[in-house]
*Asks:* 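I am attaching a structure below and will ask some questions about it afterwards.
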Amino acid sequence: MRVLLVEDDERVVGFIKRGLEAEHFQVEVAPDGLKAIEMATSIPYQMIILDLALPLKNGDEVCRVLREEKVQTPILMLTARDTVQEKVEGLAIGADDYLTKPFAFEELLARIKALLRRAGPYREAVSELRVADLVLNQGTHEVRRGDKVINLTAKEFALLEYLMRHPNRVLSRTAILEQVWGYQYDTFTNSVEVYVLYLRKKIDHGHSKKLIQTIRGVGYKISD
């Protein structure tokens, strides 16, 4: 289940991201309103957690734009202000629920599950990504190359999915860290290199056609 978390407070991001990933959600982060609109209109998410106070565009503006663009993904608003008028206005422009900060993770999780139950069709809005004979199912998290099922860890799956969403495009190490590891990463970490190596062993080993490529000094890409 893919979730877009729109939040600029790194402490809140870390708290929510760790908790949801422990519940087997895949969490991607947008740190401001403009990035949130870009991601939510180009990538299928099953849930959007949207902070109200954001840089560049606030949560109300983001919600309004997404609904105008026909994005029907359930939106759970986070706010530090607990006023009836604010909630009424947010619900009127398309938010599905509100949660007031500070909150317990258990309540956040319960509200997410309730929204997903109500959403119904969005839970089934899964798709497959394909590059050559490699297939990744975003709903079942099954990965196959040809007839062989490939078992991946959650982080390996997230990295492969990010590469496969951008086939034949070189992705920088920084972009990969931001999208796969989130915004609380160590600049000097070698996690990308390590996990690309893991993927190569599982995806390309034994195949004459190598799908994952290193573009020296630039980044990585997956290509058919």
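This chain uses plain numbering: 1 for the first residue, then up along the sequence. In what follows, every heavy atom counts, from backbone to side chain, and hydrogens, waters and symmetry copies are set aside.
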*Asks:* Rounded to the nearest 0.5 Å, how far apart are CD1 of Ile212 and CG of Leu160?
*Replies:* 6.0 Å

*Asks:* Starting from the C-alpha separation in whole Å, work towards a yes-or-no answer on salt bridge (Lys or Arg N to Asp or Glu O under 4.0 Å) for Arg130 and Asp224.
*Replies:* CA-CA 9 Å; Arg130 294 175 180 267; Asp224 54 8; over 6 Å; no

*Asks:* Can you find a pair of side-chain heavy atoms, one from Leu78 and one from Ile16, that are under 4.5 Å apart?
*Replies:* yes

*Asks:* Give, for atom CD of Gln213 and atom CG of Leu163, the distance between the pair rounded to the nearest 0.5 Å.
*Replies:* 11.0 Å

*Asks:* Any luck finding a side-chain donor-acceptor pair between Glu21 and Gln26 under 3.5 Å?
*Replies:* no

*Asks:* Is there a chain of hydrophobic side chains (I, L, V, M, F, W, Y, each step under 4.5 Å between heavy atoms) that links Leu171 to Val194?
*Replies:* yes

*Asks:* Where do Tyr45 and Leu4 land on the side chain to side chain contact (heavy atoms under 4.5 Å, CB included) test, with the steps shown first?
*Replies:* CA-CA 7 Å; Tyr45 293 98; Leu4 175 61; 3.7 Å; yes

*Asks:* Between CG of Leu199 and CG of Leu152, what distance do you get to the nearest 0.5 Å?
*Replies:* 6.5 Å

*Asks:* Is Phe15 close to Asp9 at the side-chain level, that is, under 4.5 Å between some pair of heavy atoms?
*Replies:* no

*Asks:* Using a strict cut-off of less than 4.0 Å between a Lys/Arg side-chain nitrogen and an Asp/Glu carboxylate oxygen, indicate whether Glu7 and Lys17 qualify as a salt bridge.
*Replies:* no

*Asks:* Going by the rule salt bridge (Lys or Arg N to Asp or Glu O under 4.0 Å), which residues pair with Lys221 if we only count those two or more places apart in sequence or in a different chain?
*Replies:* none

*Asks:* Give the cluster check for Leu159 versus Val135: same hydrophobic cluster or not, with ILVMFWY residues linked at side-chain heavy-atom distances below 4.5 Å.
*Replies:* no

*Asks:* Can a salt bridge be assigned to the pair Asp133 and Lys209 using a cut-off of 4.0 Å between side-chain N and carboxylate O?
*Replies:* no

*Asks:* Can you name the closest pair of heavy atoms from Leu66 and Ala40 and give their distance?
*Replies:* CD2-CB, 3.7 Å

*Asks:* Assess the side chains of Arg67 and Thr73: does a donor N or O sit below 3.5 Å from an acceptor N or O?
*Replies:* no

*Asks:* So, are Lys210 and Asp204 salt-bridged, with charged N and O less than 4.0 Å apart?
*Replies:* no

*Asks:* Quick test of your reading of the model: are Glu38 and Lys35 salt-bridged, counting only N-O distances below 4.0 Å?
*Replies:* yes

*Asks:* Are any non-hydrogen side-chain atoms of Arg165 and Leu129 less than 4.5 angstrom apart?
*Replies:* yes

*Asks:* Hey, is the main chain of Glu61 close enough, under 3.5 Å, to the side chain of Asn58 for a donor-acceptor pair?
*Replies:* yes

*Asks:* Between Phe105 and Leu20, is there a side-chain heavy-atom distance shorter than 4.5 Å?
*Replies:* yes

*Asks:* Is it the case that atom CG in Asn168 sees more than 12 heavy atoms from other parts of the structure closer than 6.0 Å?
*Replies:* yes

*Asks:* Atom CD in Glu107, atom OG1 in Thr100: separation rounded to 0.5 Å?
*Replies:* 8.0 Å

*Asks:* Using a 4.5 Å cut-off on heavy atoms from C-beta on, say whether the side chain of Lys202 contacts that of Glu156.
*Replies:* yes

*Asks:* Between Asp32 and Asp8, does a side chain to side chain contact (heavy atoms under 4.5 Å, CB included) hold up when you go through it step by step?
*Replies:* CA-CA 6 Å; Asp32 60 65; Asp8 65 324; over 6 Å; no

*Asks:* So how far is it from Glu161 CD to Asn137 CG, rounded to the nearest 0.5 Å?
*Replies:* 10.0 Å

*Asks:* Less than 4.0 Å between a side-chain N and a carboxylate O, is that true for Arg144 and Glu142?
*Replies:* yes

*Asks:* Do Leu115 and Met47 come within less than 4.5 Å of each other through their side chains, counting heavy atoms only?
*Replies:* yes

*Asks:* Will you find, in the side chains of Tyr162 and Glu28, an N or O donor that is under 3.5 Å from an N or O acceptor?
*Replies:* no

*Asks:* Would you compute the distance between atom CD1 of Ile112 and atom CG of Asp96 and round it to the nearest 0.5 angstrom?
*Replies:* 12.5 Å

*Asks:* Kindly say whether Arg2 contributes a backbone atom to a donor-acceptor pair with the side chain of Gln46 at under 3.5 angstrom?
*Replies:* yes

*Asks:* Walk me through whether Ile176 and Tyr220 qualify under side chain to side chain contact (heavy atoms under 4.5 Å, CB included).
*Replies:* CA-CA 9 Å; Ile176 293 171; Tyr220 301 92; 4.0 Å; yes

*Asks:* When you group the ILVMFWY residues by side-chain heavy-atom contacts below 4.5 Å and let the links chain together, are Val6 and Ile43 in the same group?
*Replies:* yes

*Asks:* Take Leu76 and Leu50 through the test side chain to side chain contact (heavy atoms under 4.5 Å, CB included) and record every step on the way to the result.
*Replies:* CA-CA 6 Å; Leu76 173 59; Leu50 178 62; over 6 Å; no

